[in-house]
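Presented below is the structure to which this report refers.
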Amino acid sequence: MNNFILKTILLFAFFAFFSCENEPVAPSNKPYKAGVILSFDDAYINDWYATNQKLKKYGWKGTFFVCKINTLDISEVEKLIEMQKDGHEIAGHTYDHFNAVDYLRVHTMSEYMSKEIDPMLRLMNFYGLDVSTFAYPYGGRNKKLDAALLKKFKIIRGRAFCEHVAKKQGCYYDNSNLVFSFSIDDTHNHFNIPHLLELLEYAKKNNKILILNSHKTVEKVNGDYQTKNATLEYICKYIKSNNMNFYTLADVEKLQK
Ligand SMILES: [Zn+2]
């Protein structure tokens, strides 16, 4: 009888042990190192190229969303190719920089694709630029556009709403193919160095990837849509001294696999 009780206890213990082992594990995303995506919009190739010469020493990486590729001269195209070889990502920002939402008020989606997206991809591919991600001009987007563009690009980028508190900002990568960025252009209402530092600290403490955007890179600001090289250097120094990563937008798509 004692033997029977012992066997019963052992049997229960056995099942209890294995049922614990087999408990469903809560789905968790693959962990990744905290970092930043520095993105740049429009066609300031010569300024970006000069900035790259300055910041190369930090081993930095940027994602450059280029519009109006048909207006660039050959030396600008060569600079983009060289930057791609340096490890930067060259990405799409439409052919003519129309606001997609406004354009669709008077045109069809297929007209948008054949006017703004397809010729851009054809010419950029012809130049050997490996385009796999996209940013909306003016951040103008809707769900219908997202669905159509995600058939052409692996990740698409809009613009984040601006909040005062870092954790409420929508500018951190959250494993989605639709991402939003925070503008570090000098005259952007919500930009200042203490707030930028707060966003970086939040990324570091919570293992997040902060997504920033800029336009023209300059030594001295003399208008809107300009980011100081000093701001970019501040970010590079922060990333290096905190052992964080520079990511391109195409890099984070690979984190999903
Ligand atoms: Zn733009």
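Every value quoted in this text rests on a predicted model; they were computed, and no experiment measured them. First listed ligand is number 1; within each ligand, the first listed atom is number 1.
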Backbone of Gly128 reached by a side-chain donor or acceptor of Gln84 within 3.5 Å: yes

Within the side chain of Asp251, is there an N or O that forms a donor-acceptor pair under 3.5 Å with the backbone of Thr248?
yes

Quiz prompt | Ion pair check, Lys115 and Asp96, cut-off under 4.0 Å | solution = yes

Practice problem: Decide, counting backbone as well as side-chain atoms, whether His97 has an N, O or S atom less than 2.8 Å from the Zn ion (ligand 1). | Solution: yes

* Taking 2.8 Å as the cut-off, does an N/O/S atom of His215 lie below it from the Zn ion (ligand 1)? -> no

Parallel under 30°, tilted from 30 to 60°, perpendicular over 60°: which one fits the rings of Phe64 and His88? perpendicular

The N/O/S atom of Asp42 lying closest to the Zn ion (ligand 1) is OD1

